[in-house]
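Below: one structure, written as structure tokens.
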There are 2 protein chains.
Amino acid sequence: MPVTIKDIARRARVAHSTVSRALRDDSSIPAHTAERIKRLATRMGYIPSAAARSLKTTQSRALGVVVTNIADPFLSEVVRGIEEAVREAGYSLFLAAAYRDRERERLVLRSLAERRIDGAIICSSQILPADLAELEKFGVPLVLINNQAPERFAHSIAHDDVAGGRAVTRHLLALGHRRVAYLGTPVGGQASLDRQAGYEAEMAAHGLAVKPGWLLAGPDSRPAGGQAGIGLALALAPRPTAVFCFNDMMALGVLQRARQAGLRVPADLSVAGFDDVFVAEYAEPPLTTFAQPKHRLGQDAARLMLDLLQGPRPKQPIVKTIRGELLVRASTGPPPRV
Amino acid sequence: MPVTIKDIARRARVAHSTVSRALRDDSSIPAHTAERIKRLATRMGYIPSAAARSLKTTQSRALGVVVTNIADPFLSEVVRGIEEAVREAGYSLFLAAAYRDRERERLVLRSLAERRIDGAIICSSQILPADLAELEKFGVPLVLINNQAPERFAHSIAHDDVAGGRAVTRHLLALGHRRVAYLGTPVGGQASLDRQAGYEAEMAAHGLAVKPGWLLAGPDSRPAGGQAGIGLALALAPRPTAVFCFNDMMALGVLQRARQAGLRVPADLSVAGFDDVFVAEYAEPPLTTFAQPKHRLGQDAARLMLDLLQGPRPKQPIVKTIRGELLVRASTGPPPRV
DNA sequence: AAGCTCCGTGCACACGTGTGCATCCATCGA
DNA sequence: TCGATGGATGCACACGTGTGCACGGAGCTT
């Protein structure tokens, strides 16, 4: 139904190949003819068919982005960065959510393969290397975000979570805390382990032992997971005076649980988060956190991908690291004097 | 480079048309032959080309979703619902963000048209009807979410904001409040006007006049907009004892501003939001709000779209309305006794 | 045994775009 | 005047898939 170059050709009394060349500014077409054809094309409402073009050029000018959950405030910021950069370069974006579900994951990767995407950006920490390999075997370049799989078979860009974990811990120690807990979560994957590693390294650097009971874990990375995970620690004697949470969402849960327990933050308990999700600033008290540059993480991943699509395939996987900064707000303070 | 049906045909010593039919379970191919070819196809790692298929069938099995900003916690929930429903039906999703920017908006609509999407779901309240008409002229069915343009040239599904606004206001009045303010925002578009209309209707139904100064407006729909918008009202004498905010994000800003002003919520000021963004529950105090079924809004929009793609074009635009429910938490209470 | 039906398969073209090559014509130099 | 040059355009095929139609053969009826 839509207008094709053949329709234009008929009206312009030329061959469709001439129209094709004119629209692509081929040098063999004289300027005035090209101009005439272009005017005709816009007047007729011509919109090129991406499908036909991809078929011929074997380039779809589309990228896939796989997330665990688009409603995650962290991921949605990353995706925003990706979308912006990708759009600027004239690419389109397929959005796919995997929900940590194996079946779903295979389904979306399959659909991306059918679409013949030029590349995929994966923000899904739980995705299985084996399934990704399938895509890569297909010749699709891959960029992983915050997912340092030990396989390292793909390019990746990641936030330096070890450094971030150290910075947060250092801040708490500088305030005078000595009993500091880390609240992680298995669903955090490598990120949670890295932040924990930073925490442990900084504790060790200060000559502090991590007591049993200070390594906590919540069932998920949301507020409910924070509430559940902090439970045991509040009953500890002596109680930790500060807790470093895997992310801001869990920290929100901790804040609420602390309030329910009658603890004042930060007078009785200091709470630090991670990511600087945009609501962190509006928590009560406003959350001390480590600001991951989410938007830039997405942008950089997209740019890396675009570079990969331009130049030749690098032999070695490219691994970029990005750093954030500590944001001290009101949820952390000196420990209570005993 | 990828395997095509021709490659399979060569190996199976049949014509490519036979392979095509076998894979699509055409009844003219006997079962055992079809089985043989299918096995061969999976063994060879065949993945059909969506581009070629679309070209031939003039169906892309892809939908476009246009949002103002994917990082918006409300929209990202809606998109999640869309993605789920769409994926289930075997469709893919193009994500496009318009950012209330005219140029960007035309750009993304154009790219969706080039992709020959089968339909578009628009969650962008600011999008211009004229630009949408362009797409529709192209034969692309449109479903608008929460965007009742007076033109009504497209199908739409919307939350009943008037009813929601009434419910929130009724709740505040039932608590005993008489001086109730509404904090809206121009960027909220029709939604803000509808919630305000509900507020005014309910006030009128109780025989209460809306005093000048009770209709407030913030510059944007985020916490900063709430902070800015509530400013004047706090200085009013007598001060409103309750404020109904356009959405939860603005309410968060109001909560913070109230704290800064030394007001206790809800003892001195009741604050109600709208949408039930998932952080509302973790605000301090937990926010009373009107829960819009965001996820279902997305699902229903997607299903409506899928129905449209199945059946014949309806003559009349379809307009569906969906209702939410009031969630009473701790940010609202009886007015202070004077 | 001839003709019919029906089943399985292949041929050929189509979708919309891109491109190598041939063709045609005008211009120029010898 | 003729051949060479080069610019403008058309022809034909390709990309991967789907489908109408024809063809050939097997099995049946008359």
Side-chain angles (χ1 to χ4, degrees), chain A residues 1-38 40-41 44-62 90 110-111 113-118 138-139, chain B residues 1-38 40-41 44-62 90 110-111 113-118 138-139:
Chain A
M1 203 56 127
V3 178
T4 73
I5 56 171
K6 289 186 185 176
D7 299 327
I8 302 174
R10 212 169 302 132
R11 283 275 285 271
R13 304 194 168 283
V14 294
H16 81 273
S17 52
T18 302
V19 176
S20 173
R21 283 190 253 263
L23 295 180
R24 329 196 93 248
D25 283 322
D26 189 300
S27 62
S28 69
I29 305 287
H32 66 279
T33 311
E35 208 44 54
R36 181 174 69 98
I37 291 179
K38 282 184 187 172
L40 191 54
M44 293 175 69
Y46 171 69
I47 297 184
S49 156
R53 189 171 285 170
S54 325
L55 188 57
K56 189 63 193 170
T57 62
T58 68
Q59 284 201 16
S60 61
R61 292 192 76 79
R110 162 91 186 196
S111 89
E114 290 189 0
R115 300 287 172 178
R116 300 289 194 269
I117 51 166
D118 291 339
F138 216 75
Chain B
M1 205 53 129
V3 178
T4 73
I5 56 171
K6 288 188 184 175
D7 299 326
I8 302 175
R10 211 169 302 131
R11 282 275 286 273
R13 304 195 167 282
V14 294
H16 81 275
S17 52
T18 301
V19 177
S20 172
R21 282 190 255 261
L23 295 180
R24 328 197 92 249
D25 283 322
D26 190 301
S27 62
S28 69
I29 305 287
H32 66 280
T33 312
E35 209 43 54
R36 180 173 69 99
I37 291 179
K38 281 185 188 172
L40 191 54
M44 293 176 69
Y46 170 70
I47 298 184
S49 157
R53 190 171 285 171
S54 324
L55 189 56
K56 190 61 194 172
T57 63
T58 67
Q59 283 202 17
S60 60
R61 293 193 75 80
R110 162 91 186 195
S111 89
E114 291 190 0
R115 300 289 173 178
R116 300 289 193 270
I117 51 165
D118 291 339
F138 215 76

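Residue numbering restarts at 1 for every chain, and letters A, B, ... go by the order of the sequence lines.
Put simply, the side chain of Ser17(A) and the base of dC11(D) share a donor and an acceptor less than 3.5 Å apart.
Checking dG10(D), dA8(D), dG10(C) against the side-chain heavy atoms of Thr18(B) singles out dG10(C) as nearest. When distances run from any side-chain atom of Ala15(A) to the nucleotides dA14(C), dG10(D), dT9(C), the shortest one goes to dG10(D).
Considering only heavy atoms from C-beta on, Leu55(B) stays 4.5 Å or farther from Lys56(A) through its side chain.
In this structure, CZ on Arg53(A) lies 13.5 Å from OG1 on Thr58(A), to the nearest 0.5 angstrom. For the atom pair CD1 of Ile37(A) and NE2 of His32(A), the computed distance is 9.5 Å after rounding to the nearest 0.5 Å. The OG atom of Ser60(B) sits 6.5 Å away from the CZ atom of Arg115(A) when rounded to the nearest 0.5 Å. Going from atom CD1 of Ile8(A) over to atom CZ of Arg11(A) covers 9.5 Å, rounded to the nearest 0.5 Å. Arg24(A) CZ to Asp26(A) CG: the interatomic distance, rounded to the nearest 0.5 Å, is 9.0 Å. How far CD1 of Ile47(B) is from OG of Ser111(A): 10.5 Å, rounded to the nearest 0.5 Å.
A donor-acceptor pair under 3.5 Å is formed between the side chain of Arg116(B) and the backbone N or O of Ala113(B).
Residue-level contact check: Ser28(A) touches the bases, meaning some heavy atom is under 4.0 Å from a base atom. Within the 4.0 angstrom heavy-atom criterion, no nucleotide atom of any strand lies near Ser54(B).
Of the side-chain N and O atoms in Arg53(A), one or more sit less than 4.0 angstrom from OP1 or OP2 of dG18(C).
Taking for each of Arg13(B) and Arg116(B) the nucleotide of DNA chain C with the nearest heavy atom, the 5'-most of the two is the partner of Arg13(B).
Between the P atom of dC11(C) and the NE2 atom of His16(B) lies a distance of 10 Å, rounded to the nearest Å. Atom NZ in Lys56(A) sits roughly 16 Å away from atom P in dA12(D) (whole-Å rounding). Rounded to an integer number of Å, the gap from Leu55(B) CG to dG16(D) P is 12 Å.
Of the residues in residues 3-10 of chain B, Thr4(B), Ile5(B), Lys6(B) come within less than 4.0 Å of DNA chain D through at least one heavy atom, sorted by number. A heavy-atom distance below 4.0 Å to DNA chain D is reached by these residues of residues 19-27 of chain B, ordered by number: Ser20(B), Arg21(B), Arg24(B).
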Pairs of donor and acceptor atoms involving the side chains of residues 14-21 of chain A, under 3.5 Å and at least two apart or interchain, shall be tabulated with distances.
none

